[in-house]
Every structure is written in structure tokens, then in C-alpha cells.
Amino acid sequence: MALKIGRGASAPPFLVMDVIAAANTRQAALPPGAPHVIRMEVGQPGTGAPAGAVAAAQAALRSGHPLGYTEAFGLRSLRQRIAAHIKDWYGLDVAIERIAVTVGASGGFPLAFLAAFDPGDRVAMAAPFYPPYVNILTALGIEPVILEAGPDTRFQPSVAMLQRLDPRPDGLIVASPCNPAGTMLHPEELAAVARWCHANGVRLISDEIYHGLNYESDVATAAAFSDSAVVVNSFSKYFSMTGWRIGWLVLPEDLVRPVECLAQNLFISAPHISQVAAEAAFDCHAELQENVARYRRSRDHLLRALPAAGFANLSPAEGAFYLFADIADRSNDSVAFCARMLAEVGVAATPGVDFDRTRGNRFLRFSYCGPEADMIEAAERLKAWR
Ligand SMILES: Cc1ncc(COP(=O)(O)O)c(C=O)c1O
């Protein structure tokens with residue numbers, strides 16, 4: 001008799017992983033001395049955790065104290081540091097009871113979605129979007145509602161777009177700076193969206209994982225504008241701690257206990273060692289700002305050099321470490337285009353189809369968090385390839 005397979009089993013792959021595998025294969029097959037593959041497909045800092053975080057983890061290991069489960073919402077001392085960070089960056093007081101330490105932002109999504117939505121609910125987001133939003137919602141039986149956004153709103157949702165939605169969605173996910181476009185909702189725009197959501201009974205989920213990597217304008221947190229919003233954040237990007245799998249949520253009062261119960265059941269706690277390291281990362285801003293300065297230099301260089309290499313139509317690049325290029329004048333098949341670019345000049349980038357299922361065929365995403373010299377060389381190779 002055929003066994004049942006659940007809807008979660010039909011979650012599509014995250015295509016960038018296939019591009020990473022293709023780039024690895026090509027690199028492995030190169031003869032000695034051949035120019036290396038330049039990795040502009042990966043969305044993670046090439047740097048490791050800051051030295052202070054590593055030292056704190058080493059000290060914890062050497063101390064012999066057992067590393068065990070922590071409270072589901074994390075170490076109190078870490079939550080206090082997160083609250084202090086929120087005060088420092090946004091001038092906002094948040095009670096530590098509302099802060100939940102999670103297994104990366106990724107671990108925060110199912111907690112937030114399960115606590116806030118039911119199967120059959122509808123959750124809106126602008127396209128292009130970070131693919132796991134749609135894939136996790138779908139696996140949970142929640143219906144994604146896609147708002148096609150373009151350069152006129154810097155690929156971000158607007159209140160006007162939300163007002164046109166009939167029926168109103170149950171939730172909205174925003175990301176600023178966002179992946180893949182690298183664009184932002186400026187503070188007044190985020191405020192307007194957050195207030196509209198609150199007034200209209202739409203639960204806002206604000207992905208703030210790229211805060212700290214903003215080059216043109218200040219960032220604001222949705223928690224400053226709405227008492228009902230859920231904020232998702234992480235140590236993976238600005239804090240350069242991707243592999244430590246640690247992040248946090250700022251929760252509205254009504255979701256604190258539901259998320260705590262879910263977290264106890266789903267994860268028990270985030271890794272203890274990562275919590276210790278993350279706490280120390282808050283003392284490492286000088287080192288982390290050097291990373292930001294490097295991203296900014298790479299971004300500035302690519303914004304100057306890529307147009308001359310045939311990528312003239314770039315997103316505004318306000319934050320994160322991504323450039324979203326409209327390649328309609330060169331190809332209508334971004335998967336084939338990226339494969340050819342990798343094969344012919346050894347530059348790996350991510351086709352837009354991962355991020356936008358209807359228009360992604362004419363976009364690709366360059367990530368510029370790799371070594372600065374690689375970013376300079378990539379632009380040269382692409383110019384010669386044009
Ligand atoms: C917009 C966005 N949100 C969430 C994540 C997941 O981050 P984490 O490593 O904290 O799980 C990513 C990872 O690239 C991302 O780009």
C-alpha cells in the first residue's frame with residue numbers, strides 16, 4: 001500500500017545550493033595554476049566569527065562547564081545584550097521577556113509563522129523575495145501572496161500595493177535591506193507599512209537580518225512602529241557568524257508565550273556554545289565595521305565597473321551585500337546565462353528564478369561579500385567577456 005507523503009516533502013530546492021555545487025565542481029576540475037572560480041553566488045561572509053566571539057567560545061570549552069540546554073528563549077545574559085544592542089542601535093527599550101534567541105533567523109521563521117498563522121491563512125510579500133519564506137509557509141499550509149515589485153518601489157512593498165489587496169492578507173513579510181535586491185524600506189516607508197499592518201489586523205514579520213550592512217540611509221526596526229510586529233534578526237550577516245546558527249526574535253506581547261512553548265518543543269534551545277560566542281560578539285564592533293567597510297568598497301567598485309561590463313541595469317544597492325542585475329538585454333534565461341558565465345569566465349552568480357518565479361528569468365544576483373581582490377577581478381573578467 002502506498003504510504004502518504006506530507007506537503008512539506010514537496011518543498012522546492014533552494015536553487016543557489018545547486019549553483020554553489022556547480023561552482024565547487026568547476027573549481028575542483030581546474031588544472032593547477034588556472035584562474036580560480038570567483039564566488040559571487042554565496043550569501044555568507046567569507047570572514048569567520050569576530051576574534052572576541054571565538055575567544056569566548058574557546059574559554060567556555062576550556063572551562064569544563066557542561067554545555068547543555070539553556071532556557072528555550074536563551075541565556076538571560078545574551079538576551080540582556082540583545083536588548084542593550086536594540087537600545088544602542090535604534091534607541092528603543094525592549095523588555096528582555098520579548099526577546100527569544102533562535103537557531104538563526106531560519107529557526108525563527110517556523111516559530112513566528114506557527115504562532116501567528118493557521119493553515120489556509122494568506123501571507124503577502126514582495127517579489128523578488130528570499131525563497132525560504134515561500135517554501136516554509138507552503139510547507140506549513142499557509143498561502144503566500146506575491147506582490148510583484150519593481151524598480152519604482154526599489155523592489156519593496158508599499159502601502160499602496162497593500163491597499164489594493166482584496167481580501168486583506170493575514171500577514172506580511174518585509175526584509176530591509178533585502179535579499180536579493182539589496183534595497184531598503186527607508187525608515188518612514190517601514191513606519192508607514194508597519195502602521196498600516198497594525199491598523200488593518202495584518203501581522204507584520206520584519207526580517208532585519210541585514211541591519212548593520214546599510215550604506216546609504218539609516219535602518220529602523222519595525223518594533224519601533226508597531227506593537228504587533230515580529231522582528232527576525234540573526235548573527236549570520238553583520239556579526240559574521242553564519243555557521244554558529246544563532247539569531248533572535250523580538251516578539252509582540254501576545255506571541256511571547258506561544259513562541260516559547262513552540263520553541264521548547266521544536267528546538268529546546270539554540271546551541272549553548274553559540275550563545276556564549278554571540279554575547280561576546282557585541283564587543284567586537286571595531287572588527288565588524290572593517291567587514292562593513294570592505295563590503296562598501298566592493299559595492300562602490302562594482303557599481304562603477306559592472307555597467308562597463310554589460311550589467312547597466314542594477315538595483316540601487318542600499319544594503320546587504322547583493323546587486324540584483326536586470327539582464328533582459330542579454331538573456332531571457334538567467335539559469336543558462338549564469339551557467340555560461342561560470343563555464344566561460346569562472347564567475348559564479350545566482351539566477352533570479354530562485355527569488356522571483358515569474359520574472360527571475362531575466363535577473364541575476366551578484367553577492368559581493370567575498371574577498372575584495374576577487375570582486376575587482378570579477379569585474380575585469382566580466383568586462384573582457386562582454
Ligand atoms: C533575508 C534572509 N533572511 C534569513 C536568512 C537566514 O539566515 P540565518 O543564517 O540566520 O538562518 C537569510 C540567509 O541568507 C536571508 O538572506
Side-chain angles (χ1 to χ4, degrees), residues 11 13-17 19-20 39-49 53 74 78 82 99-113 123 125-137 144 149 154-157 172-185 190 204-214 219 221-222 230-250 263 266-267 270-271 274-275 277-278 281 295 315 317-324 349-350 352 354-356 365-370:
F14 190 4
L15 205 84
V16 67
M17 305 313 274
V19 183
I20 291 173
R39 315 299 297 252
M40 298 184 78
E41 84 286 19
V42 283
Q44 65 171 335
T47 46
L78 172 58
I82 294 170
I99 295 170
V101 175
T102 56
V103 182
S106 304
F109 294 134
L111 294 173
F113 297 167
V123 174
M125 74 196 75
F129 49 79
Y130 174 61
Y133 300 149
V134 162
N135 299 342
I136 299 170
L137 289 171
R154 298 186 308 282
F155 299 99
Q156 291 283 357
L172 172 74
I173 302 176
V174 296
S176 171
C178 73
N179 175 8
T183 57
M184 288 176 52
L185 277 170
L190 178 64
L204 177 64
I205 313 280
S206 178
D207 184 343
E208 303 185 355
I209 183 172
Y210 290 103
H211 280 202
L213 307 181
N214 44 298
V219 280
T221 177
V230 177
V231 170
V232 183
N233 213 323
S234 171
F235 290 88
S236 287
K237 308 295 175 172
Y238 169 78
F239 291 97
S240 193
M241 295 179 64
T242 319
W244 298 73
R245 310 306 307 129
I246 182 133
W248 74 87
L249 295 171
V250 179
L266 288 179
F267 301 110
S274 303
Q275 296 191 46
Y295 301 147
S315 56
E318 300 172 294
F321 31 56
Y322 305 115
L323 284 168
F324 203 48
T350 307
D354 244 3
F355 312 104
D356 187 333
R365 185 194 75 176
F366 288 112
S367 167
Y368 54 86
C369 56

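Counting starts at 1 for both ligands and their atoms, in listed order.
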Looking only at heavy atoms, is any part of F129 under 4.0 Å from ligand 1, and if so is it the side chain, the backbone, or both, or is it neither? neither
What atoms in ligand 1 come closer than 4.0 Å to a heavy atom of S236? 8 (P), 9 (O), 10 (O)
Does any N or O of ligand 1 fall below 3.5 Å from an N or O anywhere on N179, backbone included? yes
Could you list the atoms of ligand 1 found under 4.0 angstrom from a heavy atom of R245? 8 (P), 9 (O), 11 (O)
Is the side chain of T102 donor-acceptor paired with the backbone N or O of G104 at a distance under 3.5 Å, no angle test? yes
Atoms in ligand 1 with a heavy atom of G104 nearer than 4.0 Å: 10 (O), 11 (O)
Is the closest heavy atom of Q44 to ligand 1 under 4.0 Å? no
Of all protein heavy atoms, the one nearest atom 7 (O) of ligand 1 is I209 CD1, 3.1 Å
I'd like to check whether Y133 has a polar contact with ligand 1, where a contact means an N/O of the residue lying under 3.5 Å from an N/O of the ligand. no
Which residue owns the protein heavy atom closest to atom 11 (O) of ligand 1, what's the atom, and how far is it? S106 OG, 2.5 Å
Spacing of F109 atom CZ and N135 atom CG [to the nearest 0.5 Å]: 12.0 Å
Counting both backbone and side chain atoms, is some N or O of I246 under 3.5 Å from an N or O of ligand 1? no
Which of V174, L172, V232, V123 passes side chain to side chain contact (heavy atoms under 4.5 Å, CB included) with I205? It is V232
Given the options V230, L204, L137, I173 meets side chain to side chain contact (heavy atoms under 4.5 Å, CB included) only with L137
Subset of ligand 1 atoms that lie under 4.0 Å from at least one heavy atom of K237: 13 (C), 14 (O)
Residue and atom name of the nearest protein heavy atom (relative to atom 15 (C) of ligand 1), distance in Å to one decimal: Y130 CE1, 3.5 Å
Between H211 (side chain) and S176 (backbone), is there a donor-acceptor pair under 3.5 Å? yes
Is there a donor-acceptor pair under 3.5 Å between the side chain of E318 and the backbone N or O of L185? no
Examine ligand 1 and decide if any of its atoms is less than 4.0 Å from a heavy atom belonging to F235. no
Counting only heavy atoms, tell me which of V42, V103, D207 gets closest to atom 1 (C) of ligand 1. D207
Taking S240 for the side chain and A49 for the main chain, is one N or O donor matched with an acceptor at less than 3.5 Å? no
To the closest 0.5 Å, what do you measure between CG (D354) and CZ (F129)? 9.0 Å
Determine whether a donor-acceptor pair (N or O, by modelled atom type, separation under 3.5 Å) exists between the side chain of E208 and the backbone of V231. no
